Amino acid sequence: MQLNDLYKDIILDHYESPHNRGRPPHADIEAEGSNPLCGDDVEVYVVLDGERLKEVRFDGAGCAISLAAASMMSEVLEGKTKDEVKEIGDLFKAMMHGEDVALPEEMEDLEALKGVAHFPLRVKCALLAWTTLEHGLANQDAGRRVSIEVD
Amino acid sequence: MQLNDLYKDIILDHYESPHNRGRPPHADIEAEGSNPLCGDDVEVYVVLDGERLKEVRFDGAGCAISLAAASMMSEVLEGKTKDEVKEIGDLFKAMMHGEDVALPEEMEDLEALKGVAHFPLRVKCALLAWTTLEHGLANQDAGRRVSIEVD
Amino acid sequence: MQNGFDVQAVRQDFPILDVQVHGKPLVYLDSAATSQKPQAVIDSLVDYYTRYNANVHRGIYTLSEQATAAYEDARAKVARFINAPSPECIIFVRNTTEAINLVRFAWGFDNVGANDEILISEMEHHSNLVPWQLLAQDRGAELRYLRVNNEGRLMLDGLDVLITERTRLIAVSHVSNVLGTINPVKGIVKRGHKFGSLVLVDAAQSVPHMPVDVQEMDCDFLAFSGHKMMGPTGVGVLYAKPHLLEAMRPFMGGGSMIRKVMLSESTWADAPQKFEAGTPNIADVIALGAAVDYLNELGMDDVREHELSLTQYALDALREVTGLRMFGPWEPQTRGGVVSFVLDGVHPHDIAQILDSEAIAIRAGHHCCQPLMRRYNVAATARASFYAYNTEEEVDALIDGIHKAQRVFGHAVERSL
Amino acid sequence: MQNGFDVQAVRQDFPILDVQVHGKPLVYLDSAATSQKPQAVIDSLVDYYTRYNANVHRGIYTLSEQATAAYEDARAKVARFINAPSPECIIFVRNTTEAINLVRFAWGFDNVGANDEILISEMEHHSNLVPWQLLAQDRGAELRYLRVNNEGRLMLDGLDVLITERTRLIAVSHVSNVLGTINPVKGIVKRGHKFGSLVLVDAAQSVPHMPVDVQEMDCDFLAFSGHKMMGPTGVGVLYAKPHLLEAMRPFMGGGSMIRKVMLSESTWADAPQKFEAGTPNIADVIALGAAVDYLNELGMDDVREHELSLTQYALDALREVTGLRMFGPWEPQTRGGVVSFVLDGVHPHDIAQILDSEAIAIRAGHHCCQPLMRRYNVAATARASFYAYNTEEEVDALIDGIHKAQRVFGHAVERSL
Ligand SMILES: Cc1ncc(COP(=O)(O)O)c(C=O)c1O
Ligand SMILES: Cc1ncc(COP(=O)(O)O)c(C=O)c1O
């Protein structure tokens, strides 16, 4: 396993200059996820437009993998419907578990995280933002910020 | 270590035909000792004549070593003063712990148990009756049967 | 040999069987106390310590990843071995004793209260008796006993009155370590469940010797020891149904079993980690996985068959020994390869001592079953126990040794006959 | 090398140090998590399993006598190693965590009541924190914390107000596994005793690395792990003063810890057996004895000297790394060979990952010290730790690796500077 498989330039770019970072003035969904064992914390904010995720933003602290994954996620999911989000999320999880999946073309950025599957201990870093988003969507009706701990 | 070192004829003789076995009609000291881990149980009875042990008897159930040791003890201690009993007991214990001791001539029967010192697990068998007697003497004033557990 | 099972080939795998004791080849008949280990298990330990020793879980470096993978792989192997629904219901502990005490502390304190009842049997090993005695004392509960008949079987008729609505737990051994009796645990589980009681099975003497399927048995807890199944000392297993593990409080507190620790309170990791505080016995857990591999290669059906035929052979021979009293059932089909006996005129300790002079290792004593000894009115018994590597020739040696003991104690034997 | 201590010769004794990771020679800097094992320890295991494996205590045959003698011999070795007054105050457990939990259950339940106080420090490992949190919750007692200053030292001034007449136990680590700080335990013991409190010392990071004398320290309990002192995984030690062991109730119930078992109640064996229920981890206890022999041969003073000079060397180098923040004292004389740090712009997990690509094994995370992480306002640190087999060249490799991490994360580092 090469280090370059993990720390691809595109991942380092996202880590160094994250996209969609920061809390929006208003959000329909607010979810925070933490991995107490890593100390990683991520917050995910979604502005909805009906079934569609009009805006996805995140904030938090963590390693390169977890923050780059959050940044990439926020990009690829913008404008997608909830059903599409579920579909993409399942694909992404399958990829993280080492399955050979075909990602839609406009999501090839996510491909950069494929190498993470070879580093079992880092998979949970890559999944943190996704799990947090999922949890937020599932509890959309809660009417408040929800939180989840994973490890 | 030879088996004969342990099961000397004289030991087997005492086991098969124990001396002074059985409860006397009256005893000044009654003590029972048990090793719950072996299941061995021995009762020691002493009839006193002032400072002297006029009669020493025993009863119980146990392995060849513990019963032969009880039988031999009852023989050698008959007629001895308490001080002498203590002295002989100390010598016997030292012998059981592998020390090279010189036993008084009339006690050479006890020598037969010398080999037990080479079988650490059986030493406590050889000591059971002696420990029980000691406990009985120490609690002479209790005015009742005393008991002790050893292991 | 018998049943297409090549015991001589098996023996080649156990280096200790070449040992000489007092200049004579070792005849090891004490596997119920602890089994011998095949080369594969020893190699597993050496391999671990020379190639990838590292602490498991969350070490982000290669050795630690390898150790973690091997450790969790062993968990999966053990789960498959007893057909557990998932690796997560396998908790690694030190031995059967700790497994049972874990249930006492982590389940018992919350689920057994004043006037509740715990039902165990008179044939239980102290490890499946003392913990429940202590729990009953701590919680003001009642400890009840299922009795054993003269033949060495549980008096199951008694169950009807002994199990009540207040029974919270039935704890019973699968195979007795003294009598050899195989208890009908599946039926006991069913009857316990009907009354809403949980059932713990002490499988220390079954998992090493016969196929065991926890889902078929439907027990709630199952405990066994690695060292009795060709694995190393220091590792045992608790199986529990997943929903029970989820509901149970932790046992020991410390590293690895937590999720989040704050100054005043903490939250717990999920099972199995919740119950594995501190650095686990990594090397031995992995070696237990190697033992499971080895047993699978032998085939547990064949292991059972071999022991069955050896036990039959031993019982036939023991039946002919004058002045010998055997405890437990005479039908090998209903028992494991553990044979306990006493001899008229020769104390069990003296039997064991004389057998040792012939390099034959058997156990003598109460076998951690004092109440059962009292039931049969003996202070101790001699016990020979068999495993996959034992032979009929070794049984012959045992019988010869018994005769020798009788010769040494000639007069005593005669007197007592 | 330094101090007449020949580290190259020592390295020859550790077969794992020949391992290659990603084609590069292993640089193992995670001994605080678990140490590597010398050949003598591995040989001890093989020797046991191939020559005299048998269950200990009361087996009347040669193998069992040999195993028992070796097992008890290891106890005597461990007792001498920490200058315990007698072997009987050494209890073998699985690890430090179990040792501390044993005190929680067997001493704590009878001696800590409502409104009593337990005092621990903010730098405790979860294994010396969570058990006391749980005990405090179970008994309605109060858990108090001694704080840590910016330099990584206990704020001992606080002791005066924190210790009261209600303090039943002070539990404190001898050496911090994150900060490296050597705590002045002898003084803490003295002050605790003045108030009638007992003192438990978590010596997981001291006994392996420096001479420890329990009689001089006068602590009531001391806990440590075999696997951190060149011994195998799966064995740990609790030392306790004899009169405490005598008064304490048993922990786990089962075989070996009893004297007499009746249906409704039982009596207990004396310590140490009272606290060693079930078949112990025989092979690993004996191998821990071999580890103690090995450490004695190296000489604990020399081990300490070697680590001291290595730590000095490492601190000097780390001080030069831009953007590196080190936790704990800068004076090697007051600390063990454990060095924790964070880098600006590179997360500890990423540091460890990049070091692994150079075959350098360090740990990253909270090191089972979440409260301490919060104290320093970090989520995790990277940690390198040294032992007798580490060299200055390995420290150089560590520093190179850190530079590499900074290069990989070049932009991030720049941005954060
Ligand atoms: C200071 C300290 N205490 C306790 C422990 C726990 O040791 P173990 O995991 O062997 O129980 C450790 C090691 O991780 C430690 O460093
Ligand atoms: C039936 C039974 N239960 C429990 C035990 C205890 O096993 P361990 O000593 O490995 O805890 C044994 C073995 O001695 C046993 O035979």
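Sequence lines set the chain letters: A, B, ... in the order given, protein chains first and strands last, and positions in each chain run from 1. Computed from heavy atoms alone, side chains included, the values below leave out hydrogens, waters and symmetry copies. What you see is a predicted model; the values in this text were computed from it and never measured.
Proximity to chain D (any heavy atom under 4.5 Å) is restricted, for L45(C), to the side chain, taken from C-beta onward. Both the backbone and the side chain of I60(D) come within contact range of chain C, each with at least one heavy atom under 4.5 Å from a heavy atom of that chain. For H227(C), the part lying under 4.5 angstrom from a heavy atom of chain D is the side chain only. Interface residue Y28(C): only side-chain heavy atoms are found under 4.5 Å from chain D. N281(C) touches chain D through backbone and side chain together, each having a heavy atom under 4.5 Å away. Only the backbone of S264(D) comes within contact range of chain C, with at least one heavy atom under 4.5 Å from a heavy atom of that chain. Looking at Q133(C), only its side chain comes within 4.5 Å of chain D, counting heavy atoms on both sides. Residue contact with chain D, scored on non-hydrogen atoms closer than 4.5 Å, involves the backbone and the side chain of E265(C) alike. Contacts of P232(C) with chain D are made by both backbone and side-chain atoms, with heavy-atom separations under 4.5 Å. Of the two parts of F14(C), neither the backbone nor the side chain holds a non-hydrogen atom closer than 4.5 Å to a non-hydrogen atom of chain D. Only the side chain of D138(C) has a heavy atom closer than 4.5 Å to any heavy atom of chain D. Using a 4.5 Å cut-off between heavy atoms, S64(C) contacts chain D through its side chain alone, with no backbone atom that close. Interface remark: L26(D) contributes side-chain atoms only to the contact with chain C (heavy atom separation under 4.5 Å).
Among E122(C), R104(C), Q39(C), H125(C), the residue with the largest count of heavy-atom pairs under 4.5 Å with chain D is R104(C). Contact count against chain D (heavy-atom pairs under 4.5 Å) is highest for V261(C) among V261(C), V19(C), I362(C), I282(C). Residue with the most contacts toward chain C among K228(D), M252(D), R51(D), E98(D): M252(D) (heavy-atom pairs, distance under 4.5 Å). Interface summary for chain D: among L143(C), L63(C), D18(C), the most heavy-atom pairs under 4.5 angstrom belong to L63(C). Per-residue heavy-atom pair counts under 4.5 Å with chain D were compared for N53(C), V130(C), L102(C), and the maximum is reached by N53(C).
Residues of residues 365-372 of chain D having a heavy atom under 4.5 Å from any heavy atom of chain C, listed by number: C368(D), Q370(D), P371(D).
Ring orientation note: the planes of F105(D) and F109(D) are close to parallel, at an angle under 30° on the 30°/60° scale.
Between T50(C) atom OG1 and D43(C) atom CG the span is 9.5 Å, to the nearest 0.5 Å. Rounding to the nearest 0.5 Å places OH of Y49(C) at 10.0 Å from OG of S44(C). One distance of note links CD of Q353(C) with OH of Y61(D); it measures 13.0 Å at 0.5 Å rounding. We find the CG-CE distance between L146(D) and M123(D) to be 8.0 Å, quoted to the nearest 0.5 Å. Taking NZ from K37(D) and CE from M229(D), the interatomic distance works out to 10.5 Å, rounded to the nearest 0.5 Å. Atom OH of Y145(D) is separated from atom CG of L263(C) by 4.5 Å, given to the nearest 0.5 angstrom.
The minimum heavy-atom distance linking A54(C) with A67(C) is given by the pair O-CB, 3.6 Å. Scanning all heavy atoms of the two residues, the minimum distance from N177(C) to R383(C) falls at O-NH1, 2.8 Å.
Checked by atom type and distance alone, the side chain of S225(D) never pairs as donor or acceptor with a backbone atom of A204(D) at under 3.5 Å. With E276(D) contributing its side chain and F92(D) its backbone, the two residues share a donor-acceptor pair below 3.5 Å. Checking side-chain atoms of R147(C) against main-chain N and O of R375(C) turns up no donor-acceptor pair under 3.5 Å.
Results of the side-chain contact (heavy atoms from CB on, under 4.5 Å) test with N128(C) over I100(C), T96(C), T97(C) single out I100(C) as the only residue that passes.
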**Request:** Apply side-chain contact (heavy atoms from CB on, under 4.5 Å) to W268(D) and M257(D), showing your working.
**Result:** CA-CA 6 Å; W268(D) 316 128; M257(D) 52 70 75; 3.5 Å; yes
